[in-house]
Amino acid sequence: MSENVVHLHKHTNPPAEPTTGDTAPTVLTVVPDAPAARPAPLWVRSGHAVKTAVTHERTRSASRAVVRHGLYTFNGGRIAARRAWDGRTGSRYERMIRAAEAAGNLEAAEEWEERLQRFRAARHHRRMDLLHSPVDAAKGVAVGAGMSVGVLVALGVIMAVSTGQAEDVITPLAATIDFIALLIRIVQIVWGPAITIGPFLVLLALWSVGRKQHAAPQWALPANVRSGEGEPITPSIVVKALRDLGVPALARAIKEMGDAGASMLGPITIAGCGVEVDVTLPSGVSTNEVQSKRRKLAENLTRHEHEVFITIPQAARTVRLWIADSGALDEPIGPSPLVTDETMTADYKSGKAPWGQDLRGDAAALSLYQRHLLITGLSNQGKTVALRSLALWLSLDKSVQFLMGDLKGVGDWAMFDGLATTLIQGPTDEHVIQVTEMVESAVDEMNRRIQAPPGTTFPPLIVLVDEAQVAFMCPAKDEDKRPYGGSKANSRYFMAVRKIHNQGRAVNVLMWQGTQDPTNENLPKLVREGAHTRASLALGTESQARMALGDKAVDGGAAPNLLRPGLDRGTLVVASDGITIPAGQSSITVRTHYIDDDAATAITDRAKALRDGVTTLHAIDRGEEHDPLADVAAVIGDAPRVRTKDVLARLATRNAGAYGEWSFIDLKRVLDDAGAEPYKSDGVMVVSRDRVARALANRGTEGSASAE
């Protein structure tokens, strides 16, 4: 057979479809321009490669099938042999005794030892009976045969008398002999095929046992068996998963206990969208050896890594496993009670914010009373929504005041306009400067409160900064060359936050911060350790997790670095005494409710209706000319009257430099001079909006008249 050869030069483009002859295949060859041989271009491919790939996949499937069915038979034999051995010996009882002793349950060990003694006594009686059984059997056969022959002869005599034929005496006996001969003949015919087929039947039985037990490696099992999605968690599955974890001491201990390794397990209980079980580890196995193999343990349990959580309870040498139902953590939780219950209000001191659900499916609520807060995580994981939902709940307590800085500036906090006393939004250095001065004004307010007479109570003041890493990394400096960002002793933002962390809690001035990607550069150690409540979304590394939550929480099992970025959006690991954490654990995982912008706006509208009206500042007054009476009118807003105490607080927040040191006497002097004197209402001194507005109007009229 001839071949059609097509010559292609190196610089010639290949034809779209090589020309093929009627009877011979076309072979593509390359003729190089230079004499030296060069490798063929990558585009010169034959269909053989594709065919080989397909064949290779089929070969692998066939190889897996051969290995699978071969091991089914082999391991089925092992299983059958073990069952036979257990049935004929006391090994099962001995394993149970060792397991009970390992667990320290001496009563159970004694009970199994008694059962073993009864088993051995019964086995001894059976063996003694077997010694006498041949003689007894021979005697029985002889007596039975004699009686049978006698019966047959008697039956023949009766037949002979009846028929008058003497030969009928042996007819029954001859018929019996013929029947026995027929049976022998049948056995002779069947015996040969039975000897041939019998081993195959035995192998088939062993294969069936192995197949039912899936007695083959995971990679060789069929796909539907190999996945194991949704497989229920049983004691044997947990024990096998621990045995195959790769911890030699643990594997040896379980092997010695045999199937009774389940004695290590506490009760498997339903816990939300999964199950929970405590595992008491045998001597020589530490809890961190199991914790460090979380992924392998999850895969042994036919779960993904994020579906298994390992924590350390109070009991010594014990780990607590929470194993989710397959795929359950990918399902969203229900809406927030803030959205569904329009009558809900908040109580800063004794209430708890409905934040979400824990892994058990129980409501997770957080107390915010006198606790500084830090939430961190990678970008776009739900940090702002988680932080905002706490502020939304607290806004429903009309006594709470807010100073807010959003250094992202995309409108995530815009609904607090008219609710927060100060709201600065933007990512530039100028916005950082404004936020820094806002925090410093809160420090001035804190100092004023500290110097108040003992027993004075103050309304909660929440100083909230979202995307705080922008402030820490800001390179701008003031006129005295002091940096706004950084973590040195002259850093203005850093020092203001530290002062609030040090003393603000006692007078209800609290610092809330949200930040990305915690490092020493964008979240200094002193700042992150000053927060009472620390929460983290998905992070990249364990070192970041330690920065976000602290060493104690991470050593106790907290692992925000194992959350899946994007898929576990809104899931937080929380370390705080303000949330109910299971005994013995240092953290809890919370799946937070998602509250979108429209729902958040509706909640803030309800919060505004509870208040007398708040004028929100969008910039900090830096000491420029100010008008005390106009500022009083601005902080009163739309409320008909405001307590003098609140007016002083709002003025200090509006312009700490001008009004931070003001007392009631200073306020009264300005109002008296303007003819808008404060007065008592329901026993407290208040400032009237109408009086202040009238004073401003009269002042404008007097100015116009004098000008004329």
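Between L373 and M511, every side-chain heavy-atom pair lies at or beyond the 4.5 Å cut-off. Looking at heavy atoms from C-beta onward, Q381 lies in side-chain contact with P565 at the 4.5 angstrom threshold. At least one side-chain heavy atom of P560 sits less than 4.5 Å from a side-chain heavy atom of L549. Looking only at side-chain heavy atoms (C-beta outward), L374 and L523 come within less than 4.5 Å of each other. Contact check for S487 versus F472: no side-chain heavy atoms found under the 4.5 Å cut-off. Counting heavy atoms from C-beta on, the side chains of T318 and T287 never come closer than 4.5 Å. The side-chain heavy atoms of R564 and T571, taken from C-beta on, include no pair separated by under 4.5 Å. Side-chain contact between I237 and L301 is present, with at least one heavy-atom pair separated by less than 4.5 Å.
Taking CD of Q516 as the reference point, atom CG of L537 lies at 11.0 Å (rounded to 0.5 Å). A distance of 7.0 Å separates CD of E467 from OG of S379, quoted to the nearest 0.5 Å. Remark: L203 CG to F74 CZ distance equals 13.0 Å, nearest 0.5 Å. Distance check, rounded to the nearest 0.5 Å: CD1 of I333 to OG1 of T592 gives 6.5 Å. The distance from the CG atom of L562 to the CG atom of L539 is 10.5 Å, given to the nearest 0.5 Å. The line from CG of D358 to CD1 of I579 is 8.0 Å long, rounded to the nearest 0.5 Å.
For R123, the CZ atom sits in a packed shell: over 12 heavy atoms of surrounding residues, nucleotides or ligands are nearer than 6.0 Å. No more than 12 heavy atoms of other residues, nucleotides or ligands lie within 6.0 Å of NZ in K240, so this atom counts as exposed by the packing criterion. In the displayed structure, E113 atom CD is contacted under 6.0 Å by at most 12 heavy atoms of other residues, nucleotides or ligands.
A salt bridge between D577 and R371 is present, with a side-chain N of the basic residue lying under 4.0 Å from a carboxylate O of the acidic one. Remark: D596 does not engage R388 in a salt bridge, criterion side-chain N to carboxylate O under 4.0 Å. A salt bridge between K293 and E289 is absent, with no side-chain N of the basic residue lying under 4.0 Å from a carboxylate O of the acidic one. The pair E542-R546 meets the salt-bridge criterion, with a side-chain N (NZ, NE, NH1 or NH2) lying under 4.0 Å from an Asp/Glu carboxylate O.
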>> Determine whether E299 and E305 satisfy the following criterion, side chain to side chain contact (heavy atoms under 4.5 Å, CB included), listing intermediate values before the conclusion.
In response: CA-CA 7 Å; E299 293 173 350; E305 183 179 11; over 6 Å; no
>> If you apply the rule side chain to side chain contact (heavy atoms under 4.5 Å, CB included), what do you find for L321 with V279, and how did you get there?
In response: CA-CA 8 Å; L321 307 181; V279 181; 3.9 Å; yes
>> Under the criterion side chain to side chain contact (heavy atoms under 4.5 Å, CB included), I'd like the reasoning laid out for F309 against R294: C-alpha separation, chi angles, the key distance, then a yes or no.
In response: CA-CA 8 Å; F309 287 81; R294 176 184 173 190; 3.8 Å; yes
> Given the rule in the side chain to side chain contact (heavy atoms under 4.5 Å, CB included) test, do V209 and Y72 qualify, once you have shown the distances and angles that lead to the verdict?
Replying inline: CA-CA 8 Å; V209 172; Y72 279 170; over 6 Å; no
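Taking both residues in full, the closest heavy atoms of L206 and G77 are given as CD2-CA, 3.7 Å, listed atom of the first, atom of the second, then distance. Across every non-hydrogen atom of I581 and V574, the tightest pair is CD1-O, 4.3 Å. Between L572 and A386, the closest heavy-atom pair is CD1-CB, 3.9 Å. Residues L464 and A391 approach most closely at CD1-CB, 4.2 Å, considering heavy atoms. Between W393 and P354, the shortest heavy-atom contact is CD1-CD, 3.4 Å. Across all non-hydrogen atoms, the minimal contact from A271 to W322 is O-NE1, 3.0 Å.
Checking each of Q513, K383, K408 against D466 for a side-chain hydrogen bond (donor to acceptor under 3.5 Å, both in side chains) leaves exactly one that passes, namely K383.
In terms of modelled atom types and a separation under 3.5 Å, the side chain of N522 and the main chain of T519 share a donor-acceptor contact. Not one N or O on the side chain of R320 forms a donor-acceptor pair closer than 3.5 Å with the backbone of T311. With S208 contributing its side chain and L204 its backbone, the two residues share no donor-acceptor pair below 3.5 Å. No donor-acceptor distance shorter than 3.5 angstrom exists from the side chain of H304 to the backbone of A298, with no hydrogens or angles considered. In terms of modelled atom types and a separation under 3.5 Å, the side chain of H532 and the main chain of H372 share a donor-acceptor contact. Counting only distance, with no hydrogens or angles, the side chain of R317 and the backbone of V285 share no donor-acceptor pair below 3.5 Å. A donor-acceptor contact shorter than 3.5 Å links the side chain of R534 to the backbone of M547.
A cation-pi geometry, defined here as NZ or CZ lying under 6.0 Å from the six-membered ring centre and within 45° of its normal, does not hold between R569 and Y594.
Between the side chains of R528 and N520, a donor-acceptor pair is found at a separation under 3.5 Å. Side chains of T515 and Q469: a donor-acceptor N/O pair is present below 3.5 angstrom, by distance only.
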